[in-house]
Structure formats: C-alpha cells, structure tokens
A.B. asks: 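Before I ask anything, let me first share the structure, which is written out below as structure tokens.
Lettering of chains follows the sequences in order, A, B, ..., and the numbering in each one begins at 1. Atoms considered below: every heavy atom in the structure, side chains included; atoms not considered: hydrogens, waters and symmetry mates.
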Amino acid sequence: MPELPEVETVASGLRRTLVGRRIVTVTVRERRLRRPIPHDLAALVSGRAVTSVSRHGKLLRLALDDDGLELVMHLGMSGTVRVQDDSGGLRRHDHVMMALDDGRAVIFHDPRRFGLITVRAAGGAAAEPLGVDPVNGGFTADLLGAVTRGRRRPIKNLLMDQSLIAGLGNIYANEILAVAGVRPGRASGRLSRGQREAIVAATRDVLDAAIRRGGSSISDFHDASGRQGAFQTRFLVYDREGEPCRRCETSIRRRVLGGRSTYYCPRCQR
DNA sequence: CGCACCCCCTGCCGGC
DNA sequence: TGCCGGCAGGGGGTGC
C-alpha cells in the first residue's frame, strides 16, 4: 500500500495532530515486525514531545524533544497509522499505541507485519542508504542520466530501487512510466534524453496529483483520520490488465518484472 | 552488477 | 460451504 504519496498523506495528518504534543505512554502489543521493535523503545519515547514530523521516501520520522532522538516508522505493505480520541478500542493487528498528553492516541496497525518502528539518533546512520526523495527535490534529468548510464536493468526496476530514488513503489513506478510514455522493460541506459526528462516530469506530476487526492486506497489504506485516498480511480495502467488504454483504447498488458506485476499500454509506451 | 528465487506475514479472491 | 493456490502497495538474503 504505502508508497510516497500515502506516507506523505499520513505524515501531513500526524503533523497537524502531533507536533507540540507529548507522548505519555507507549504500549507495544506485538514487537515482531520486519525487525523486532527494540525493547527500550517505550522507555526512550515516553515523556518526550514531538517537535516535527517529516518523511523521506517511505520513511516517517518523528523528531522528539530537541535532543536528537527520532522515532522512525515504515508502513511496509499493509501498515496504517490512525489517531483516535482515546486510548481504548484497540483492534487486532494494532501493534503499538502511543497515548498523548491531550488524551488522544496514535496507533500503528499492520496485519502483515512487514513494517518497522524504531528509535535512533536524529539524522543518524540509517539502516540502509536512501536515495533522493523525488518530492523534496534532487530528482532531475541529470541525476537520472547519471544513475542510468551504462545500466541494462529495466527502468521500472531502477525507479523502484530505494537506494537510488526513495519512495516509488509498484503502483507509482507503473503510473509514472505510463504518463512518460516509456516501456517498463526498457533498458535504463538506453533511454533518450527526452525520455529521461519525461520520466522526471511525470514523476513530479503523478506524485503531486496523488498527494492532492490523499494517496491511493487499495484494500483499506487510510490517512491518520481514517479517510480514504482517491487516486486509485485515476490509474492509467495499474491493475488494469485487459482494460482499454484511456488514450488509445489498446488493451493494457501485464508482465512480471523484478517479481512484480507490471502494466503498460503497448501502443502508448515505447 | 542485477537477476531469479527464496523468505518474512495475513487477508482476500477465484476456482473447484 | 470449504479448501487451496495465487496474489497483494514492502524489504532482505542467497546464489548464479
């Protein structure tokens, strides 16, 4: 579910409700996520105030007090975060509950447990190096030229490589290439300059449009207030195998690339 | 270097 | 109905 636009949507909601609030208690009900939640997380976070909420790629970061500590969250495939008015009413797969000083509570929910919650020194060593964030700037045709030069891997796989560009997942990589008119299987190093420029422009346009609509809700993604996104109704190709291309009516094709379902219009994308 | 293939885990959907 | 396989927005590890 959560790619950059969805994480940005969650971050905006958390920013409004959380900045300036103090986290009073942290309850960990299930620590077996992608990596186990550290045993000292509750002790480190309890009693601290959230001073800012930021996002890099698909990572959510809550800065705590001003002493250089931050809470890091990743929503994995099925993670959601919600804010509710009290600290009761916990449901199945609600793994962490943070009670706030205004009586409300922030809840991390993740059925598949591919998500991540940890605490670390702010700006400190990330577990893995993250590439440029395509919304916060830095994703340019020059950069794309530099990271694709001499590479044979399919452009879609490269766009989804978090160590190069942080935040694109399977939905948006497919959609961006559809808007840019580029075949997902195209060898990265063989793109024309015009195609690289089209991909960079499409990335900005698709992500901006998705963020404006609160992301895409497949299954049950929602923002911190429980509202669903609306971008899924505008997909050009994702999950549209056999349906007509919205531009030329040609049947959308599906193939597997890097183990992930890949959709494209064989006529509009070259 | 970059792929295929395996794993992690739950839920849902379609076919039988 | 139920059971089973396949698939799903994530990432990581292995071996070729």
A.B. asks: Considering only the C1' atoms, how many Å lie between B/dC9 and C/dG2, rounded to the nearest integer?
C.D. replies: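 It works out to 23 Å between them.
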A.B. asks: Residues in ring-ring contact (aromatic ring centres under 6.0 Å, His included) with A/F139, at least two apart?
C.D. replies: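 A/F139 satisfies ring-ring contact (aromatic ring centres under 6.0 Å, His included) with no residue once adjacent residues are dropped.
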A.B. asks: Rounded to whole Å, please give me the gap between CZ in A/R35 and C1' in C/dG13.
C.D. replies: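 It works out to 14 Å between those atoms.
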A.B. asks: What nucleotide, of C/dG10, B/dC3, C/dG9, holds the atom closest to the side chain of A/R153?
C.D. replies: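 The listed nucleotide nearest to A/R153's side chain is B/dC3.
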A.B. asks: With rounding to whole Å, what would you report as the distance between B/dC6 and C/dG5 at their P atoms?
C.D. replies: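 Comparing P positions in B/dC6 and C/dG5 gives a spacing of 15 Å.
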A.B. asks: Would one find a side-chain N or O of A/R34 under 4.0 angstrom from OP1 or OP2 of C/dG10?
C.D. replies: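 Result: no.
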A.B. asks: Using whole Å, what does the distance between atom P of nucleotide C/dA8 and atom CG of A/D110 come to?
C.D. replies: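 To the nearest whole Å, that distance equals 18 Å.
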A.B. asks: Within the pair A/N157 and B/dG2, is there a side-chain N or O less than 4.0 Å away from OP1 or OP2?
C.D. replies: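 Result: no.
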A.B. asks: Could you check whether the rings of A/H95 and A/F108 sit parallel, tilted or perpendicular, using 30° and 60° as the cut-offs?
C.D. replies: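 Judged by the thresholds at 30° and 60°, the geometry between A/H95 and A/F108 is tilted.
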A.B. asks: Taking CG from A/N170 and C1' from C/dA8, how many angstroms apart are they, rounded to a whole number?
C.D. replies: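 In whole Å, C/dA8 C1' lies 10 Å from A/N170 CG.
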A.B. asks: So if I take every side-chain heavy atom of A/R113 and compare against B/dC3, B/dT10, C/dG10, which nucleotide ends up nearest?
C.D. replies: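 From the listed options, B/dT10 comes nearest.
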A.B. asks: Is A/R152 atom CZ crowded by more than 12 heavy atoms from other residues, nucleotides or ligands, each under 6.0 Å away?
C.D. replies: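 Counting neighbours around CZ of A/R152, 12 or fewer heavy atoms of other residues, nucleotides or ligands fall under 6.0 Å, so no.
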A.B. asks: Contact class for A/G115 vs. all strands (heavy atom < 4.0 Å): base, sugar-phosphate, or nothing?
C.D. replies: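 The answer is nothing, as A/G115 stays clear of every strand by at least 4.0 Å.
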A.B. asks: Distance check needed: C/dG9 P versus A/H74 NE2, whole Å only.
C.D. replies: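 A/H74 atom NE2 is separated from C/dG9 atom P by 14 Å.
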A.B. asks: Ignoring hydrogens, what is the shortest heavy-atom contact between A/R34 and A/F114? Give both atom names and the distance.
C.D. replies: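 Scanning both residues completely, I find the closest heavy atoms to be NE-O, 3.3 Å.
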A.B. asks: Does A/L168 reach the side chain of A/I165, with side-chain heavy atoms less than 4.5 Å apart?
C.D. replies: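 They are in contact (side-chain heavy atoms under 4.5 Å apart), so the answer is yes.
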A.B. asks: Distance check: side-chain N/O of A/R151 vs OP1/OP2 of B/dG2, anything under 4.0 Å?
C.D. replies: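 For A/R151, the contact criterion (side-chain N or O under 4.0 Å from OP1 or OP2 of B/dG2) is met.
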A.B. asks: Using the rule given for side chain to side chain donor-acceptor pair (under 3.5 Å), can you reason through A/R61 versus A/S54, listing the C-alpha separation, both sets of side-chain angles and the distance that settles it, and then say yes or no?
C.D. replies: CA-CA 5 Å; A/R61 298 180 301 205; A/S54 61; 3.2 Å; yes
A.B. asks: Please check: side-chain N/O of A/R104 versus main-chain N/O of A/V83, any donor-acceptor pairing under 3.5 Å?
C.D. replies: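 Judged by distance alone, no pair lies under 3.5 Å.
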A.B. asks: For A/R260 and C/dG9, is the shortest distance between a side-chain N/O and OP1 or OP2 below 4.0 Å?
C.D. replies: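 Yes, because at least one side-chain N or O of A/R260 sits under 4.0 Å from OP1 or OP2 of C/dG9.
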A.B. asks: Return the polar atom pairs (N/O with N/O) between nucleotides 11-13 of chain B and the protein under 3.5 Å, or none.
C.D. replies:
unit_1	atom_1	unit_2	atom_2	d
B/dG11	OP1	A/R92	NE	3.4
B/dG11	OP1	A/R92	NH2	3.3
B/dG11	OP1	A/H93	NE2	2.8
B/dG11	OP2	A/R92	NH2	3.1

A.B. asks: Using a heavy-atom cut-off of under 4.0 Å over every strand shown, decide if A/P5 touches base, sugar-phosphate, or nothing.
C.D. replies: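 A/P5: no heavy atom of the nucleic acid under 4.0 Å.
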A.B. asks: Is it the case that atom CZ in A/R247 sees more than 12 heavy atoms from other parts of the structure closer than 6.0 Å?
C.D. replies: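 Check fails, neighbour count at 12 or below.
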A.B. asks: Measuring from the side chain of A/K58 (C-beta onward, heavy atoms only), which nucleotide among C/dG11, B/dC3, B/dT10 has the closest atom?
C.D. replies: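 Minimum distance to the A/K58 side chain belongs to C/dG11.
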A.B. asks: Take a 6.0 Å sphere around CZ of A/R29 and say whether it holds more than 12 heavy atoms from other residues, nucleotides or ligands.
C.D. replies: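 Enclosed: over 12 neighbouring heavy atoms sit under 6.0 Å from CZ of A/R29.
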A.B. asks: Whole Å only: how far is the CG atom of A/L257 from the P atom of C/dA8?
C.D. replies: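 Going from A/L257 (CG) to C/dA8 (P), I get 13 Å.
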A.B. asks: CD of A/E6 versus P of C/dA8: gap in Å, rounded?
C.D. replies: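 Computing the A/E6:CD to C/dA8:P distance gives 17 Å.
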A.B. asks: What is the distance, to the nearest angstrom, from the CG atom on A/D161 to the P atom on B/dC3?
C.D. replies: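 Between P of B/dC3 and CG of A/D161: 9 Å.
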A.B. asks: Determine which bases of DNA chain C form Watson-Crick or G-U wobble pairs with both distances under 3.5 Å, and write the result as a 5' to 3' dot-bracket string with | for other-strand partners.
C.D. replies: .|||||||.|||||||
A.B. asks: Using whole Å, what does the distance between atom C1' of nucleotide B/dC1 and atom CZ of A/R149 come to?
C.D. replies: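 Distance check: A/R149 CZ to B/dC1 C1' gives 17 Å.
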A.B. asks: Is it the case that the side chain of A/E249 and the backbone of A/R246 share a donor-acceptor pair, with hydrogens and angles ignored and the cut-off at 3.5 Å?
C.D. replies: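 No: the side chain of A/E249 does not pair with the backbone of A/R246.
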A.B. asks: Compare side-chain N and O positions of A/Y238 against OP1 and OP2 of C/dG9 and report whether any pair is under 4.0 Å apart.
C.D. replies: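 So the side-chain polar atoms of A/Y238 do come within 4.0 Å of the phosphate oxygens OP1 or OP2 of C/dG9, strictly under.
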A.B. asks: For A/A166, is there any backbone N or O sitting under 3.5 Å from a side-chain donor or acceptor partner on A/H56?
C.D. replies: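 Between the backbone of A/A166 and the side chain of A/H56 there is no qualifying donor-acceptor contact (under 3.5 Å).
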A.B. asks: Rounded to whole angstrom, note down the C1' distance from B/dC3 over to C/dG9.
C.D. replies: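 Between the two C1' atoms, the distance is 22 Å.
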A.B. asks: Is A/S216 near enough to C/dG9 that one of its side-chain N or O atoms lies under 4.0 angstrom from OP1 or OP2?
C.D. replies: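 For A/S216, the contact criterion (side-chain N or O under 4.0 Å from OP1 or OP2 of C/dG9) is not met.
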A.B. asks: Return the stacking result for B/dC8 and A/F114: yes when the ring centres lie under 5.5 Å apart and the planes under 30°, no otherwise.
C.D. replies: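 The base of B/dC8 is stacked with A/F114 (centres under 5.5 Å, planes under 30°).
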A.B. asks: Go through C/dG9, B/dG2, B/dC9 for me and flag the one nearest to the A/I171 side chain.
C.D. replies: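 Looking only at side-chain atoms, A/I171 lies closest to C/dG9.
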